Structures are given as C-alpha cells and as structure tokens.
Amino acid sequence: DTAVSQTPKYLVTQMGNDKSIKCEQNLGHDTMYWYKQDSKKFLKIMFSYNNKELIINETVPNRFSPKSPDKAHLNLHINSLELGDSAVYFCASSQEASGGALRFFGPGTRLTVL
Amino acid sequence: GNSVTQMEGPVTLSEEAFLTINCTYTATGYPSLFWYVQYPGEGLQLLLKATKADDKGSNKGFEATYRKETTSFHLEKGSVQVSDSAVYFCALYNAGNNRKLIWGLGTSLAVNP
C-alpha cells in the first residue's frame, strides 16, 4: 500500500543512453512532481503536472521529457544522458484542494551516469 | 521574491543534546512554513508545519514556531536520539507563487551515541 512509488530504485547507465523513470501514486492526488537532488542534497523542482496538465516547467534541458498518462502516473524520460544528470530523482504528489503545499515523496531513483 | 535560508550543516550532536536548526524566510503575504525530514536512503517526509503567525508545529518531539516579526521558523528538539540523524529541510509555500514549494538547502544532522 505504498503511497508514492518509483521504479527503478537504482539506475546505472552509460553516457548517451536514453532511460525512463516511472512514478505512481495511489493517494488520489491531482498534482505530481519531479525533483532532482544533487550530491549536496540540494533539492530542485523540475516539473509539475496537475490533472495531466503541465503547470511547472523549470529551466531543465529539453532532454528531459515528462509524461503523465493519467493523474496517478508521472514518468520521466531522459535522452542522451550526461554525467551531470547523475543525481537522485524524487517523484512527489499533492492535492491542490488542500492547499497543495503538502508533498508526499517517493523513495527516490538514484541515477548514475558513467 | 520568496526565499528560505537555513543554517549550514553538518550539525553533530551527542545523544540527549538540545537541537536548534535555524530557518529564516523572505516572502510576500502570508506563507505557510514547513519542516521536512529525509532519513538516509529515503524520500522526504513532512515533519511539521505552521500556516499562520504564532502557530507552533510539533511532531516526534520536534517543535517550530512561526514568528512573523523575525521571519523565522527555527526547528528545536529538547533531547535528540541517534534515530534523528537525517537531513532537515525548511520550506515555504506561498499560494500566489505558482504553487511552488520554496526549499532551504537542507541541514544534515548526525547524532552520536
């Protein structure tokens, strides 16, 4: 009965490859997010979707493309991976009707680009 | 604009010591304030929150009071445990800020037995 789940938990890949990370929430929330956390624990918002509509799109290279097939899922596809993409990527969800501030986070996907 | 400033870590304490992690903010209007905790190898989880001035959030022995006059939301615990070792993030939510949660840089806490 995990609230926000991500797969895979670990991802090791070569530079130049394309990879995807999947996220699912079973909380009935209407908003989902992708965050990137670097090695210094700095947390940066990348994208946010509300009811499958993109509402936050920070300055992220267009090699990163989020896709929300329905409001319970938000996937992240990354093309042409670079060394600097190595980080932990967190998915989160929230319910806008209750203010939208409370974020429920997934366990993270540790991406290592070699 | 909106911003959050946290004290830099790492903070290292002995078990049962008193903890304070400072957090100050800059915001227009009346933001909500939060502390999130990230245990090793896990995602962030909400620790406590306060939605208006003078509110005190509390959870698991941690407390923080929303002080509008000093624009602060310092996290305190009277007696830390080894299991409190984690990274603590202060965050601010301003409804008019395009639904963004503004994060501090995080403060790493290590508690030694």
Side-chain angles (χ1 to χ4, degrees), chain A residues 2-10 21 23-25 27 29-51 53-60 74 87-110, chain B residues 1-11 21 23 25 27 29-52 55 57 59 66 73 85-110:
Chain A
T2 306
V4 182
S5 58
Q6 294 177 230
T7 54
K9 190 167 175 60
Y10 299 97
I21 307 172
C23 178
E24 176 181 2
Q25 55 95 4
L27 297 165
H29 287 168
D30 57 10
T31 305
M32 295 184 72
Y33 311 81
W34 278 111
Y35 286 87
K36 179 180 180 181
Q37 186 176 48
D38 64 22
S39 59
K40 295 183 179 177
K41 303 295 185 183
F42 178 64
L43 200 62
K44 182 182 173 194
I45 181 76
M46 299 174 71
F47 301 103
S48 172
Y49 272 74
N50 176 260
N51 281 321
E53 180 185 344
L54 183 65
I55 55 170
I56 294 176
N57 184 356
E58 290 297 288
T59 309
V60 176
L74 180 61
V88 182
Y89 291 84
F90 287 101
C91 178
S93 71
S94 69
Q95 182 62 30
E96 284 303 298
S98 59
L102 293 182
R103 303 281 192 265
F104 292 79
F105 282 81
T109 296
R110 182 174 293 278
Chain B
N2 299 298
S3 67
V4 172
T5 303
Q6 271 183 253
M7 64 184 278
E8 281 191 38
V11 173
I21 300 178
C23 173
Y25 68 90
Y30 304 95
S32 297
L33 300 170
F34 304 83
W35 277 102
Y36 279 79
V37 58
Q38 183 179 24
Y39 297 105
E42 297 183 13
L44 284 75
Q45 54 185 279
L46 180 69
L47 180 61
L48 54 84
K49 66 183 175 84
T51 57
K52 60 183 188 296
D55 266 4
N59 186 21
Y66 187 161
F73 192 55
S85 298
V87 180
Y88 293 82
F89 291 88
C90 186
L92 173 158
Y93 183 81
N94 215 336
N97 194 36
N98 198 23
R99 302 172 179 172
K100 288 184 191 176
L101 199 54
I102 308 299
W103 297 93
L105 295 182
T107 302
S108 176
L109 169 67

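Everything numeric here is computed off the predicted structure, so don't read it as measured data. A note on names: the letters A, B, ... follow the listed sequences, proteins ahead of strands, and every chain is numbered from 1.
- By the 6.0 Å contact criterion, OH on B:Tyr39 is enclosed, its count of non-hydrogen atoms from other residues, nucleotides or ligands being greater than 12.
- Other residues, nucleotides and ligands place more than 12 heavy atoms under 6.0 Å from the NZ atom of A:Lys36.
- Between B:Gln38 and A:Phe90 the shortest heavy-atom distance is NE2-CZ, 3.2 Å.
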Apply side chain to side chain contact (heavy atoms under 4.5 Å, CB included) to the pair B:Tyr36 and A:Arg103, showing each step before the final yes or no. CA-CA 9 Å; B:Tyr36 279 79; A:Arg103 303 281 192 265; 3.6 Å; yes
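- For a residue to count as touching a neighbouring chain, one of its non-hydrogen atoms must lie under 4.5 Å from one of that chain's; by this rule A:Phe104 does not touch chain B.
- Atom-to-atom distance recorded for B:Leu44:CG and A:Tyr35:OH is 9.0 Å, nearest 0.5 angstrom.
- Interface summary for chain B: among A:Gln37, A:Arg110, A:Lys40, A:Lys44, the most heavy-atom pairs under 4.5 angstrom belong to A:Gln37.
- Other residues, nucleotides and ligands contribute over 12 non-hydrogen atoms within 6.0 Å of the CD atom of B:Gln45.
- Counting non-hydrogen atoms of neighbouring residues, nucleotides and ligands closer than 6.0 angstrom, the NZ atom of B:Lys52 reaches no more than 12 such neighbours.
- When the shell of 6.0 Å around CD of B:Glu8 is examined, it contains 12 or fewer heavy atoms from other residues, nucleotides or ligands.
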